[in-house]
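Reviewing the structure listed below.
Here the structure is a predicted model, which is why all the values come from computation and not from measurement. Letters A, B, ... are given to chains in the order of the sequence lines, protein chains preceding strands, and every chain is numbered from 1.
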Amino acid sequence: MTDDSSTAKPIGPGDHVFLVDGSSYIFRAYHALPPLTRKSDGLPVGAVSGFCNMLWKLLREGLTPEKGDEPTHFAVIFDASGKSFRNDIYDQYKAHRPEPPEDLRPQFGLIRQAVHAFNVACVEMLGFEADDLIATYAKRAREAGAKVTIIASDKDLMQLVGGDVDMFDTMKNKRIGPDEVVEKFGVPPEKVVDVQALAGDSVDNIPGVPGIGVKTAAQLIEEFGDVETLLQNAETIKQKKRRENLIEFAEQARISRKLVELDQNVPVEEGLDDFAVTAVDGAKLVAFLKALEFSTLTRRVAEATEVEGAEVEATEIVVKGWESAAEAAPGEDGAASAPSGGLSTGGKSDFTPKALSEERIDRIASLKTDTSAYEVVREEAALQSWVDDATEQGFVAVDTETTSLDPMVADLVGVSLALAPGRACYVPLQHKAGNGDLLGGGLVEGQIPVQKALEILKPMLEDPAILKIAQNMKYDWLVLARHGATTVSYDDTMLISYALDAGKGGHGMDELSKRWLGHEPIPYKEVAGSGKNAVTFDMVEIERAAAYAAEDADVTLRLWMLLKPRLVAERGTTVYETLERPLVPVLARMERRGVAVDRQMLSRLSGDFAQGMAALEAEIHELAGETFNIASPKQLGEILFDKMSLAGGKKTKTGAWGTGAGVLEELAAQGHDLPQRVLDWRQLSKLKSTYTDALPGYINAETNRVHTSYSLASTTTGRLSSSEPNLQNIPVRTEEGRKIRCAFVAEKGMKLVSADYSQIELRVLAHMAEIPQLTKAFEDGLDIHAMTASEMFGVPIEGMEPSVRRRAKAINFGIIYGISAFGLAAQLGIPRGEAKDYIDKYFERFPGIRDYMEETKKFARANGYVETVFGRRAHYPEINTKNPNMRAFQERAAINAPIQGSAADIIRRAMLRMEEALRHSDLGAEMLLQVHDELIFEVPEGEVDKTIPVITEIMEKAALPAVQLKVPLQVDARAADNWNEAH
DNA sequence: CCTATATCGTA
DNA sequence: GTACGATATAGGA
């Protein structure tokens, strides 16, 4: 490509040979790229795509975009299937290699075809692994005085580095020279085989010597020079166990050395001269790339080779070896989509994402749960080796074990990792000696010090090239963040499940495991006890802890393998990637910041409420003529309806008297004193027990602030929920209640800013149902409830009676909730018939709303789910149930979900953009809380005026650019010293 | 000790 | 009429 030298001259100094390790590239690309990148007819091409991009880049630019580094000779080397000479030495060599995944298999052939399309030499030889061929060619090139770059990252090739031979990892864009080899193995390249022989390798099933990892091996080789010398002097080793192992497993070490040492003298057929780079045949390459639908690369190649892309006809491609894959699991609806671009997919095969994902579900679910291979990692070298394997593989399931369910106080007890189904480990870090009672012992022996372990884990957690897979990552993210590591690049099986199956059940690990893997993980209770026998995880014996923890990581990995392809197959990727996953660190940071509460103010309020309650209690008992537990609905019902025989009592479904607020209010309206006193008492009791008494208990001893926990996956609609404590239900409606809000305060020198969406759900409804009057009203900034009343009852907005507006407001809320005459009647305290008249009247004025509601129900009945404007799905599997009451309930929920859910999506989008926007404007504001349509910030006093417009703008434009709402969003924001005044 | 029910706080 | 979580009581284990 560099020039058009057609006559090959013998290779020599000044030449630069590129040897690409094709086989290992395929596996890495497969795992590094999204699981289901495929052509329009379903042919999986993710790995091929990555490979073609790499080839093109290397041929054009060499290793760096600067000129002068281009290859003169280029070859891609593959493993040929079949056994190699290493199996003769050791029959277990690479014995544990799993079969390649189904959706990777067809890509092996395609990659070889790609090499030919690039006019590049393609080498493989039966009985020899790619690494040996690379070793042989590298040696020959070196001897001829040429430079060699091996395009690979495989540590087995590192023994070849040195002099004019180096390696280059294209995925990390990193050169591997002698220094990098030393970094990895602790010894220079020529000693790498000795270290590998001692340390062994679980992936290739190289046995090595037990108890010796890379670090120890490097020390020993440093000291003795090579394996043979070491083995002959093994008696001189001081450490008993190590000495014994070296003696006992000496032969195994010798075999291992033979296995890892590459053969540099393979009798290859093609010479280096055959690898001379020739000009790319633009038309041929474009035709191939076009057939695979790599549009960007096709265009680039067409431009660079001056080929008119549109005029080139796509190559006919036949893919071997996937008829068998298709037969193993035929697609549900049989017929594959029609082949396009001249690609034959083998006739009957169905390679749609749907079919492949279903196949994957079957495959993962049918794997047996083998927990026997779980490992307890007690040494740094062993942990490093797991981390290395994770780095190599590009993904790893991670789970932390801690002392608390609250991530803000949890201390790290251990970490588990899983690399493949059944291949998991537990790393105990801070298990304590369980002397049962007091004092407890110190740390149990045989654990890596936490700081050391974190030093090893941190680079992996912070490496964007390694995907960390967790179940409920927010928890682990926070724990790890508090221990100094910021996790990037992650997947969360809980959130994948939520994006796919909201409404179909919970998303906890045990539940998902049962549902998808048919496997019931060890219950936490069985490991750590429950009730008064419960102990923190650090008191659990290590072997028991390991069985539990490693299983969690294993199950998480399996769930990921099973669920992740469903995202593509079921169109969940966008929701997962834009609304769920990125919110994890945003919420984690909000939780970590917490909010300040005034402990004294709460304590004083508790006292006030207690006084009020005591006074009311005396009056109530006086009126009742006896003392009873006012907090007991059962006792209260008996007093009111049995003893006092008040009218209007209704039994609940359990046969007890109903004593809800509605009932008591009705009795109060009849002129009875006792029910009103009970209502007042209940209000104070609620405020005291739920808020003023409970909140101080949530103040974190270290931060002096309250840290709620947001759940991303517990509502059907997409809303967040808040717990421990729930800060989304802090009182606001009554005077007494608002006093509690006053206790939520800003730090000294700061203000609280509250910004809330005005009528966001009605606006979303106006958009989705396309209601002209509503849209107009919102555009004109009208009072929407007054406008509704005006439309319905024909009265002017000016001078409208408050009761009229109140009725319209109730109807508007009713509409959002899927309205029923029964519900509206209850809300307004009017007869059912009257409520029905209102509803009819409303639909007469806004027929579009009725249409929208009917359409939504129809859609839900047909599909079992409904969607928000951003594509989030809420499932209602029971919507076609026979029971009319239950069905009506499902229908109302299904009507409400797109409205509530779209609003939830909008505020999520705002939150996702908020931190960056504030930082970009150089503002110190921090987001503290979310209450469905409201965000609360803590803002430096002097920055309030600059901050409010930034917050408001982000929130008002949050739907853009994904959705252009037909209705403007309006945000009101205020600053004050406490939440009550800011709201 | 654990779970279900009733009640009530929020959007 | 939608969506949640916390609390206290009560009843079965």
Side-chain angles (χ1 to χ4, degrees), chain A residues 502-503 525 529-534 628-637 652-664 678-679 681-691 693-695 697-698 708-711 714-734 736-738 740-741 756-762 765 810-828 832 835 838-839 853 866 874 876 885 888-901 903-904 907 929-934 983:
Chain A
K525 283 185 212 163
S530 68
K532 72 177 170 62
N533 298 320
F628 68 100
N629 185 352
I630 306 169
S632 165
K634 184 169 173 283
Q635 294 179 33
L636 175 64
T652 63
K653 62 181 175 194
T654 56
W657 294 107
T659 65
V663 176
L664 299 187
V678 172
L679 284 168
W681 183 90
R682 276 191 182 163
Q683 192 203 147
L684 295 180
S685 166
K686 181 83 175 178
L687 295 177
K688 182 168 184 290
S689 66
T690 310
Y691 303 103
D693 285 353
L695 277 172
Y698 288 103
T708 184
S709 174
Y710 288 103
S711 169
S714 56
T715 71
T716 304
T717 55
R719 272 193 179 178
L720 303 178
S721 79
S722 157
S723 62
E724 292 184 305
N726 180 357
L727 296 186
Q728 290 180 324
N729 70 346
I730 301 302
V732 70
R733 284 174 199 182
T734 65
E736 295 293 294
R738 282 194 291 272
I740 293 165
R741 285 205 167 206
D756 67 304
Y757 284 106
S758 160
Q759 307 291 355
I760 188 167
E761 294 190 346
L762 275 178
L765 175 65
I811 292 168
N812 276 333
F813 276 101
I815 293 293
I816 291 168
Y817 298 154
I819 207 150
S820 75
F822 186 88
L824 184 63
Q827 176 69 31
L828 289 176
R832 283 265 292 282
Y838 283 170
I839 295 170
M853 291 171 81
V866 290
Y876 295 92
N885 280 330
F889 177 74
Q890 297 284 315
E891 287 172 355
R892 288 193 298 271
I895 288 168
N896 171 255
I899 305 168
Q900 189 185 108
I907 197 164
L929 303 174
Q930 189 250 42
V931 192
H932 308 308
D933 66 357
E934 174 188 14
H983 182 71

Discussion item. Classify A:D756 by what it touches in the nucleic acid, base, sugar-phosphate, or nothing, heavy-atom distance under 4.0 Å.
Written reply: nothing
Fill in: A:L727 backbone acceptor or donor facing A:S722 side chain under 3.5 Å
yes
Worksheet item: What heavy-atom pair brings A:R682 and A:L636 nearest, and what distance separates the two atoms?
Response: NH2-CD2, 3.4 Å
Worksheet item: Which part of the nucleic acid does A:R682 contact within heavy-atom distance under 4.0 Å: base, sugar-phosphate only, or nothing?
Response: sugar-phosphate
Practice prompt. Specify the separation, in whole Å, of atom CD of A:Q930 and atom P of C:dA3.
Written response: 17 Å
Practice prompt. For A:F813, answer base if it contacts any base atom (sugar-phosphate contacts may also be present), sugar-phosphate if it contacts only those atoms, and nothing otherwise; contact means non-hydrogen atoms under 4.0 Å.
Written response: nothing
Worksheet item: Under 4.0 angstrom, heavy atoms only, what part of the nucleic acid is A:G814 near: base, sugar-phosphate, or nothing?
Response: base
Discussion item. Distance check needed: B:dT7 C1' versus A:N726 CG, whole Å only.
Written reply: 15 Å
Discussion item. Can you tell me if A:R733 touches the phosphate of B:dA11, counting only side-chain N or O atoms and a distance under 4.0 Å to OP1 or OP2?
Written reply: yes
Fill in: Which nucleotide in C:dA3, B:dT7, C:dG1 has an atom nearest any side-chain atom of A:T715
C:dA3
Fill in: Separation of atom CG in A:L684 from atom C1' in C:dA8, rounded to whole Å
16 Å
Worksheet item: In whole Å, what is the span from the CD atom of A:Q635 to the C1' atom of C:dG11?
Response: 14 Å
Fill in: Heavy-atom pair of closest approach, residues A:Y710 and A:Q930
OH-N, 2.9 Å
Item to complete: Using a heavy-atom cut-off of under 4.0 Å over every strand shown, decide if A:A888 touches base, sugar-phosphate, or nothing.
Response: nothing
Worksheet item: Of the nucleotides B:dT10, B:dA6, C:dG5, which has the atom closest to the A:K686 side chain?
Response: C:dG5
Discussion item. Regarding A:I816, tell me which of base, sugar-phosphate or nothing describes its non-hydrogen contacts under 4.0 Å with the strands shown.
Written reply: nothing
Discussion item. Below the 4.0 Å mark, does C:dT2 have OP1 or OP2 next to a side-chain nitrogen or oxygen of A:R892?
Written reply: yes
Worksheet item: Under 4.0 angstrom, heavy atoms only, what part of the nucleic acid is A:A661 near: base, sugar-phosphate, or nothing?
Response: sugar-phosphate
Practice prompt. Using whole Å, report how far OH of A:Y698 lies from C1' of C:dG5.
Written response: 10 Å
Worksheet item: Has A:S721 got a side-chain N or O lying under 4.0 Å from the OP1 or OP2 atom of C:dA3?
Response: no
Worksheet item: Given C:dT7, C:dG1, B:dC2, which nucleotide is nearest the side-chain atoms of A:S530?
Response: B:dC2
Worksheet item: Contact class for A:E724 vs. all strands (heavy atom < 4.0 Å): base, sugar-phosphate, or nothing?
Response: sugar-phosphate
Worksheet item: Can you name the nearest heavy-atom pair linking A:A897 to A:V866, along with the distance?
Response: CB-CG2, 3.9 Å
Discussion item. Counting the atoms with a prime plus P, OP1 and OP2 as sugar-phosphate, which does A:S711 contact under 4.0 Å by heavy atoms, base, sugar-phosphate, or nothing?
Written reply: nothing
Practice prompt. Answer with base, sugar-phosphate or nothing: what part of the nucleic acid does A:S820 contact at a heavy-atom distance below 4.0 Å?
Written response: base
Discussion item. With a 3.5 Å distance limit and no angle check, can you tell me whether A:R741 reaches the backbone of A:I730 through a side-chain donor-acceptor pair?
Written reply: yes
Item to complete: Check whether any side-chain nitrogen or oxygen of A:T716 sits under 4.0 Å from OP1 or OP2 of C:dA3, and answer yes or no.
Response: no
Practice prompt. Indicate yes or no for a side-chain donor-acceptor contact from A:R738 to the backbone of A:R733 under 3.5 Å, with no hydrogens or angles considered.
Written response: yes
Item to complete: Look at the side chain of A:T708 and the backbone N and O of A:P725, then say whether any donor-acceptor pair between them is shorter than 3.5 Å.
Response: yes
Worksheet item: Does A:S722 place a side-chain N or O at less than 4.0 Å from the phosphate oxygens OP1/OP2 of C:dC4?
Response: no
Practice prompt. Could you pull out the closest heavy-atom pair between A:A903 and A:I760, with the gap in Å?
Written response: CB-CG2, 3.9 Å
Item to complete: Name the closest nucleotide to the A:K653 side chain, picking from B:dC2, B:dA11, B:dA6.
Response: B:dA6
Fill in: Closest nucleotide among C:dA6, C:dG1, C:dA3 to the A:I819 side chain
C:dG1
Worksheet item: In terms of side-chain heavy atoms of A:N629, which of C:dT9, C:dC4, C:dG1 is nearest?
Response: C:dT9
Item to complete: Select base, sugar-phosphate, or nothing to describe what A:S685 touches, counting heavy atoms under 4.0 Å on all strands.
Response: nothing
Discussion item. I need the OH-P distance between A:Y691 and C:dA8, as an integer number of Å.
Written reply: 12 Å
Worksheet item: What nucleic acid atoms does A:A810 come within less than 4.0 Å of, heavy atoms only: base, sugar-phosphate, or nothing?
Response: base
Response to the item:
Testing B:dT10, C:dG5, C:dT7 for proximity to the side chain of A:V732, the answer is B:dT10
Worksheet item: Any side-chain N or O of A:S723 less than 4.0 Å from the OP1 or OP2 oxygen of C:dC4?
Response: no
Worksheet item: Rounding to a whole Å, what distance do you find between A:I760:CD1 and B:dA11:C1'?
Response: 11 Å
Discussion item. Given B:dA11, B:dT7, C:dA10, identify the nucleotide with an atom nearest to the side chain of A:S632.
Written reply: C:dA10
Worksheet item: Counting side-chain heavy atoms from C-beta on, which of C:dT2, B:dT7, C:dG1 comes nearest to A:Q900?
Response: C:dT2
Discussion item. I need the CG-C1' distance between A:N729 and C:dT7, as an integer number of Å.
Written reply: 11 Å
